[in-house]
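Right, one structure below, let's go through it.
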Protein chains: 2
Amino acid sequence: MKRKTYSCGLEAALDVVGGKWKVLILWALHDERRRFGDLRRTVSGISEKMLIQNLKEMEADGIVIRHDFREIPPRVEYALTSFGISLSAALSPLCEWGQLHMARIGAVKEEEEEARGRIEA
Amino acid sequence: MKRKTYSCGLEAALDVVGGKWKVLILWALHDERRRFGDLRRTVSGISEKMLIQNLKEMEADGIVIRHDFREIPPRVEYALTSFGISLSAALSPLCEWGQLHMARIGAVKEEEEEARGRIEA
DNA sequence: CTTTTCACTTACAAAAAGGTAGGTACTTGT
DNA sequence: ACAAGTACCTACCTTTTTGTAAGTGAAAAG
C-alpha cells in the first residue's frame, strides 16, 4: 500500500473536487438537498451517467449523503454532509473570484477557441 | 462567436485553473518567481511538455508573465501577475481546507484505489 | 570538435474523462 | 394491455488530457 501524499493542500482538495462536474454538483447542493432528477435538471448539460458517477465518488469521499426513501417509483435525495459544507465554504472565495472576473475569463477563453479554430481550419 | 457563459463563479475559476497541474504551478510561483528548470524540479512529477503547455495557457489567461532574458544558454523566468496573485489568494482557503483534511482525503483515496485494484485483478 | 546547458518543440502513444443509447424494475394512470 | 415516470446500470465509442522519447539551436567549456 503506497501512502498517498500531497505536496500542498490544493492538490488534496482537487483530488476530491476536480473534474468538470463536481463543483457544479456541489454548488447545486450547497443551499438545498435535491432529488436525482432535480439535480439532473439543475446541473445543465450533465448526462445521467456522469451525474451518478460523480455522486458516487462524492459519497465515497464523504461530501454528500444519499437518502433513499425506498418508495416506488424510486425517490432518492442527495445532500451535503458537514464535510461537504466545509468544502463549499472553502470554495466560496474562489467562487467569488470567478464571479468577479467571469467576463474577463470568458473573453480570453473565447479568443483561445477562435485561435484554435483558425489553426485547425 | 458563441458567448461563453458560466453558471457560477466556480465554473469560471475552474476554466482557468482546472486540470492536474495548474494549481501546483500556481502554488510554486505564489511566493517567488522561478526559472523554467526550477519549476520543473519544484513541481514534482511534471513533464516538460505539460509544464510549458500549462505555462502558455496560464500566460494567455493572464495569470503568469514570462520574462525572457534573451541570453544563451536561454534564461526565462515566470512570475504571477497581479491577476494571478488575486487568484492564489482566492485559492488559499481551499488550500487550507485541503491541508486540514489531507489525511482523511488521502486515506479515502487509497481505499478507492485498492478497491479498484481488487476489481481489475 | 565534441559535449554540456537550457528552454523549448514535435510526433506519437497511452490513459482518463466524457458522451450515447439502450435496458432494468416496479407501480400508477389510461 | 400499455405507456409513463423514477433512479439507476451497462456496453460501447469519442474526445480530451497526459505522458514519453526524441530532437533543435546557440554558445561556451573541455
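Labels below follow one simple rule: chain letters A, B, ... track the order of the sequence lines, proteins then strands, and each chain is numbered from 1.
- Between Lys49(A) and Tyr78(A), the one whose closest nucleotide on DNA chain D sits nearer the 5' end is Tyr78(A).
- Contacts between residues 34-43 of chain B and DNA chain C, counted as heavy-atom distances below 4.0 Å, involve Arg35(B), Phe36(B), Gly37(B).
- The main-chain N or O of Glu11(B) is never found under 3.5 Å from a side-chain atom of Asp15(B) such that the two would form a donor-acceptor pair.
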Next item on the list: Please assess Leu14(B) against Val23(A) for the test side chain to side chain contact (heavy atoms under 4.5 Å, CB included), listing each intermediate value before the final yes or no.
Entry: CA-CA 9 Å; Leu14(B) 260 277; Val23(A) 279; 4.3 Å; yes
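- Annotation: salt bridge (Lys or Arg N to Asp or Glu O under 4.0 Å) contacts of Glu77(A) (sequence neighbours excluded): Arg33(A), Arg75(A).
- Residues satisfying the salt bridge (Lys or Arg N to Asp or Glu O under 4.0 Å) test with Arg40(A), not counting sequence neighbours, are Glu48(A).
- Residue-to-nucleotide proximity on DNA chain C shows that, of Gln53(A) and Ile52(B), the 5′-proximal contact is made by Ile52(B).
- Residue Lys20(A) is the one, among Glu48(A) and Lys20(A), whose nearest nucleotide of DNA chain C lies closer to the 5' end (criterion: closest heavy atom).
- Note that the first and last nucleotides of DNA chain C, 5' to 3', having any atom under 4.0 angstrom from a heavy atom of chain A are dG18(C) to dT27(C).
- Considering every non-hydrogen atom in both Cys8(B) and Leu24(A), the closest pair reads SG-CD2, 4.1 Å.
- Rounded to whole Å, the distance from CZ on Arg75(A) to P on dC8(D) is 13 Å.
- Residues passing the salt bridge (Lys or Arg N to Asp or Glu O under 4.0 Å) test with Glu32(B), sequence neighbours excluded: Arg34(B).
- The side-chain contact (heavy atoms from CB on, under 4.5 Å) test with Ile85(B) is passed by exactly one of Leu29(B), Ile63(B), Leu80(B), Leu26(B): Leu80(B).
- Within residues 56-74 of chain B, the residues that place at least one heavy atom under 4.0 Å from DNA chain D are, in residue-number order, Ile72(B), Pro74(B).
- Although no hydrogens or angles enter the test, the distance criterion places no donor-acceptor pair under 3.5 Å between the side chain of Thr42(B) and the main chain of Ala28(B).
- In this structure, Arg104(B) is positioned above the aromatic face of Phe83(A), its NZ or CZ under 6.0 Å from the six-membered ring centre and within 45° of the axis.
- Put simply, CG on Leu51(B) is 14 Å from P on dT20(D), counting in whole angstrom units.
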Margin query: Evaluate Leu94(B) against Glu96(B) for side chain to side chain contact (heavy atoms under 4.5 Å, CB included), listing each step before the verdict.
Written below: CA-CA 5 Å; Leu94(B) 185 61; Glu96(B) 282 166 36; over 6 Å; no
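- Using cut-offs of 30° and 60° for the angle between ring planes, the His30(A) and Trp27(A) rings count as parallel.
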